[in-house]
Each structure stands twice: as C-alpha cells, then as structure tokens.
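Below: one structure, written as structure tokens.
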2 protein chains.
Amino acid sequence: MEGATAEADSAEGSFTDESFADVTPDAARRLLLGAVEAFAERGFHATTTRDIAGRAGMSPAALYIHYRTKEELLFQISRVGHERSVRILTEAAATGGTPAERLDAAVRTFVRWHAAYHTTARVVQYELAALGEEHYGEIVVMRRRTEEILRTVLSEGVAAGEFAVEDINGTALAVLSLCIDVARWYRTGGPRTPDEIGALYAGLVRRMVSA
Amino acid sequence: MEGATAEADSAEGSFTDESFADVTPDAARRLLLGAVEAFAERGFHATTTRDIAGRAGMSPAALYIHYRTKEELLFQISRVGHERSVRILTEAAATGGTPAERLDAAVRTFVRWHAAYHTTARVVQYELAALGEEHYGEIVVMRRRTEEILRTVLSEGVAAGEFAVEDINGTALAVLSLCIDVARWYRTGGPRTPDEIGALYAGLVRRMVSA
DNA sequence: ACGGCGACTGAGCACGCGCTTAGGTCCGGC
DNA sequence: GCCGGACCTAAGCGCGTGCTCAGTCGCCGT
C-alpha cells in the first residue's frame with residue numbers, strides 16, 4: 001500500500017511519470033518521456049521520430065543510438081507501463097483484509113494510476129495495435145495476469161459470501177474495462193482529482209458486485 | 001424499441017453495418033465500408049488511401065471523386081455512427097416505464113450496438129483525435145447530447161427514489177465509459193453474444209445505481 | 001599529452017504517402 | 001448518330017517519413 005499511496009500522491013497537475021525514473025542514460029529517459037507525451041497526444045502512427053527527438057532536445061539521429069526503431073520506443077513504454085500497473089494491482093489485491101476490502105483497494109489504486117498517469121496509461125492501453133508481433137506477445141502475458149488478479153478477488157469474494165456475481169469472467173472484464181477507460185477521458189485540470197475518481201469508482205464497483 | 005431490437009438481431013458473426021445502407025452512389029458506400037474496416041483494424045493514420053480503395057475494388061484515384069480527403073471519409077463515418085448511436089440511446093431512454101426500466105433499456109441497447117457493430121463503434125469512439133478541428137466540433141455536440149441523456153435518466157431515478165446516486169455527473173460518465181469500452185475489447189466469435197453482454201451490463205449498472 | 005570511445009549531429013537516402021491530372025469508357029437524351 | 005456528363009483509371013508529382021552514415025565533440029584513463 002505504501003508504494004501505491006506514494007504512487008499518485010501529488011494527485012493534481014501534469015507531473016512526469018516516475019515509472020521511467022531509473023532509465024539510463026539520461027538521454028534515453030528524455031526520449032522515452034518525449035515519446036510518451038507525443039504518442040499520447042497524437043498516437044503512435046501520427047508521431048514522427050523528429051518530434052520525439054525534438055521534445056528530448058536532440059537531433060533525429062540521436063534517437064537511434066538508444067533505440068533501434070520507433071516501435072522499440074513504444075515497446076519500452078508499454079513494457080514498463082504494464083509492469084508498473086500489474087505491480088500496483090498485485091500489491092493492492094494482496095493486502096490483508098476481506099475480499100471486499102481488497103477489491104476496493106485494487107480498483108481505487110488502479111483507477112488512480114490511470115488518472116494520475118493518464119498520459120502513460122493512454123499509450124499503454126490504446127497503442128497495443130502498433131506493437132510488433134513478438135513484442136505484442138510479451139505484453140499480452142502481462143495483460144492476462146491483470147485479468148487473473150481481478151478474477152481471483154471476485155471468486156474469493158463469492159466464496160466468502162461477500163459478493164453475488166454470476167458471471168465472474170464477464171464481470172472481471174467489465175470492472176477492468178471501467179478502470180482502463182479512465183485513461184481515455186481523463187483530463188488534468190478537470191473537476192475531479194485522481195483520488196476522487198478512485199474513491200468514486202471503488203464505490204460503484206463495490207455496489208456492482210456485493211451480495 | 002422496435003428499431004433498437006432490429007438493430008442487432010442477427011447478433012452473431014461479422015455482418016456489415018446497415019447504418020451506411022442509404023449512402024449513394026454504390027461506390028461511395030463501398031468506400032465508406034472499406035474505410036470503416038481499415039480504420040478499425042489499423043487506425044486512421046496507419047491506413048492508406050490505397051488500402052481503402054483496394055477494399056472497395058477501385059483505383060486509388062476513385063476515392064477522390066466521392067470524398068475530398070481521407071479525413072472527410074473518417075468524418076462521414078463518425079457523423080453517421082454518432083447519429084445512429086445517439087438515436088439508439090434516445091429511443092431507449094424515451095420508452096415508457098420507470099427510470100430503472102429506461103436505464104436498463106438504454107444500457108442494454110447501447111452496449112449491444114457497441115458489440116454488434118464494434119468495427120464501426122471502434123472508429124466512432126477511438127479515432128476522434130484524427131478529425132479536423134471543425135469536424136471535431138460538430139461531433140462533440142452529439143457526444144454531449146449522449147451524456148445529457150444519461151444524466152437525465154439518472155436524475156429522474158434519483159428523484160423517483162429508485163436510484164441512490166451521489167455524483168450524477170461522475171456516475172453518468174462511468175456508465176457511458178463502461179458501455180463505450182465494449183467496442184475496444186469485443187471480438188466476434190468470443191464467448192458472449194452482443195445480446196448477452198447487453199444483458200450482463202444492464203444488470204451491473206442497475207446494481208451500481210439502485211437504492 | 002594523447003589515444004580511444006561513447007554520445008551526438010548534419011546531411012541525406014529510399015520509399016510510400018496523400019492527392020492530382022489527363023484521358024478513357026459508358027450511357028441516357030435528342 | 002452523337003454529344004455531355006458521370007464515373008473511373010494509369011501515371012505520377014511533391015513531400016515527409018523512418019532510418020543511416022560519415023564525421024565531430026568532449027571526456028576518461030594512462
């Protein structure tokens with residue numbers, strides 16, 4: 001929880017994602033951050049390598065010293081982003097407490113991450129189709145783990161009599177879908193902070209599944 | 001209801017969207033349908049005009065007899081698609097019955113449309129950023145109407161004592177988000193028919209808001 | 001002092017893109 | 001019979017793209 005709480009604590013404003021804090025060298029990290037911004041704004045295919053390099057304050061050619069292709073840049077973003085989001089979900093779902101409490105924590109922090117880091121999250125969730133086949137394969141494994149975590153919590157809640165859920169697979173998919181889609185519509189400076197959306201969504205999901 | 005029921009009646013398989021049935025001449029309609037497929041598969045920016053023309057069985061130049069630019073093709077798809085989806089929601093929310101029944105009908109048919117015509121819906125919901133500024137402005141008006149319909153039903157349900165919803169705006173956004181995101185993950189040939197997903201989601205939403 | 005090496009740039013290549021243009025074909029009206 | 005217009009194609013223009021490469025800069029160990 002500690003990590004997950006720190007994750008989105010400053011909550012408002014467009015601060016950069018610390019997911020990429022330990023990427024070295026410095027230029028490689030700046031390129032990644034530039035690419036995240038650009039991909040989130042325009043999409044992968046509408047973004048030029050010149051734009052990315054420009055945001056990082058470098059010439060177009062410098063990009064290819066640190067990454068072999070534009071697609072590899074996307075893959076690194078996707079990989080790190082997925083690792084982070086899976087970690088957050090795992091930690092939240094593994095806290096002590098009843099299944100209801102764990103589902104609450106999972107939805108709350110997952111949503112908060114998608115809102116606070118919606119720039120990264122948008123690339124992570126909506127640019128999958130631009131990945132190469134092999135890279136996509138690696139990512140899909142992590143995505144399946146995400147679904148598995150949700151299904152597990154729901155099953156345990158049903159077993160404990162806390163939840164009344166007929167279609168566990170379908171409901172898990174719906175809950176995830178609800179959380180993920182936050183990255184699509186969230187705007188910094190909107191009426192709600194990531195924390196508030198997390199709280200709202202946790203409540204909605206709780207009512208959706210509780211017995 | 002009649003129209004909305006007919007809308008997704010054959011329910012399974014990848015049948016073409018009749019939204020574009022009255023587009024003339026024939027070649028213009030074939031181009032639209034080809035563009036819908038291509039945009040849904042690869043996204044607007046990754047789709048070439050040669051690809052679209054090829055799917056319609058024509059030379060690249062033929063596209064420009066019927067549409068001035070590639071973007072206009074996207075706009076026509078987006079416009080017709082939005083009109084259709086707004087009409088569906090409006091009709092469902094305007095049936096007689098309690099707010100709970102109308103919310104049920106709205107979610108059910110809206111979700112069914114997004115699943116059954118997920119190809120069109122994916123373009124409609126996820127390619128907005130590729131629209132030109134003026135065209136985007138036109139579309140946004142329709143999207144606001146969609147939100148308004150949802151907020152109205154929720155408000156009426158609260159007033160009638162059927163729903164217990166604190167944050168009407170936030171909840172309306174969440175419900176819409178849930179429905180829309182179906183277009184992202186739905187695949188034809190998956191375990192659930194559009195009808196089944198509609199029923200599942202209507203139930204989930206009902207529990208989310210009911211007093 | 002200097003060699004070697006990693007980081008970076010300026011210039012530019014080959015390609016595929018959106019779109020245009022000149023011209024061909026077909027068909028209904030007179 | 002033949003004109004006019006709607007529809008379509010072959011060819012290709014100009015440009016911006018992803019990416020490359022020869023060469024420069026500056027820092028480090030010796």
Side-chain angles (χ1 to χ4, degrees), chain A residues 20-78 123 127-136, chain B residues 20-78 123 127-136:
Chain A
F20 306 105
D22 51 0
V23 174
T24 53
D26 185 69
R29 198 186 64 255
R30 268 157 41 219
L31 284 165
L32 262 191
L33 292 172
V36 167
E37 265 187 50
F39 291 162
E41 271 176 36
R42 316 194 206 297
F44 176 81
H45 290 292
T47 298
T48 69
T49 54
R50 284 161 177 81
D51 181 8
I52 296 170
R55 288 176 198 248
M58 320 171 71
S59 80
L63 195 153
Y64 294 90
I65 294 164
H66 301 283
Y67 302 94
R68 276 181 311 160
T69 62
K70 186 174 96 166
E71 191 268 349
E72 196 192 312
L73 213 29
L74 173 64
F75 173 61
Q76 293 304 334
I77 294 166
S78 200
V123 178
E127 299 293 337
L128 291 174
L131 286 168
E133 221 170 320
E134 284 187 31
H135 286 162
Y136 179 73
Chain B
F20 306 105
D22 51 0
V23 174
T24 53
D26 186 69
R29 200 186 63 255
R30 268 159 39 221
L31 284 165
L32 262 190
L33 292 172
V36 168
E37 264 187 51
F39 291 163
E41 272 176 36
R42 315 192 208 296
F44 177 82
H45 289 293
T47 298
T48 68
T49 53
R50 285 160 177 82
D51 181 9
I52 296 170
R55 287 175 198 251
M58 318 172 71
S59 79
L63 194 152
Y64 294 90
I65 293 165
H66 302 283
Y67 302 94
R68 277 181 310 157
T69 62
K70 187 174 95 166
E71 190 269 348
E72 196 192 311
L73 214 29
L74 173 64
F75 173 60
Q76 293 303 335
I77 294 166
S78 199
V123 179
E127 298 294 336
L128 292 174
L131 286 168
E133 222 171 320
E134 284 187 31
H135 287 161
Y136 180 72

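Naming convention: chains lettered A, B, ... in sequence-line order (proteins, then strands); numbering from 1 in each chain.
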Working note: B:His45 + A:Arg42, criterion side chain to side chain contact (heavy atoms under 4.5 Å, CB included); need CA distance, chi angles, decisive distance, verdict. CA-CA 10 Å; B:His45 289 293; A:Arg42 316 194 206 297; over 6 Å; no
Closest of C:dA7, D:dC7, C:dC17 to the B:Thr48 side chain is C:dC17
Identify the heavy atoms of B:Glu127 and B:Phe44 that sit nearest to each other, and give their distance. OE1-N, 3.3 Å
May I have the distance from B:Ile65 (atom CD1) to D:dT9 (atom C1'), rounded to whole angstrom? 9 Å
side-chain N/O A:Tyr64 vs D:dT20 OP1/OP2, d < 4.0 Å: no
Length of the line joining B:Leu31:CG and D:dC7:C1', which is rounded to integer Å: 12 Å
Take atom CG of A:Leu73 and atom C1' of D:dT17, then tell me their distance rounded to the nearest Å. 16 Å
Answer with yes or no whether B:Arg50 presents, from its side chain, a donor or acceptor under 3.5 Å of a partner atom in the base of C:dG16. no
Between B:Tyr67 and B:Glu72, the two heavy atoms sitting closest are CD2-OE2, 4.0 Å
Would you mind telling me which of D:dC7, D:dC8, D:dC19 lies closest to the side-chain atoms of A:Thr49? D:dC19
For atom CZ of A:Arg42 and atom P of D:dG16, their distance in whole Å: 15 Å
Taken to the nearest whole Å, CG/A:Asp26 to C1'/D:dC27 is 16 Å
Separation of A:Lys70 atom NZ from C:dG16 atom C1', in whole Å? 14 Å
Any side-chain heavy atom of A:Arg55 within less than 4.5 Å of one from A:Ile52? no
Given C:dG6, is OP1 or OP2 found less than 4.0 Å from the side-chain N or O atoms of A:His66? no
Would you indicate, yes or no, if C:dC8 has its OP1 or OP2 atom less than 4.0 angstrom from a side-chain nitrogen or oxygen of A:Ser59? no
Whole angstrom is fine here: how far is it from CG in A:Leu63 over to C1' in D:dG18? 10 Å
When you match A:Phe44 and A:Ala61 each to their closest nucleotide on DNA chain D, which lands nearer the 5' end? A:Phe44
Are B:His45 and C:dC17 close enough that a side-chain N or O sits under 4.0 Å from OP1 or OP2? no
Closest non-hydrogen contact found for A:Met58 with A:Ala27 is CE-CB, 3.8 Å
Measure from CE on B:Met58 to C1' on D:dA10 and round the result to the nearest Å. 15 Å
Heavy-atom distance under 4.5 Å between the side chains of A:Ile77 and A:Phe20, does that happen here? yes
Rounded to 10 degrees, the angle between the two terminal axes of the helix from C:dA1-D:dT30 to C:dC30-D:dG1, each from five pairs: 0°
In terms of ring plane angle, is the pair B:Phe75 and B:His135 parallel, tilted or perpendicular, where the classes change at 30° and 60°? parallel
Nearest to the side chain of B:Thr69 - C:dC19, D:dC19, D:dT9? C:dC19
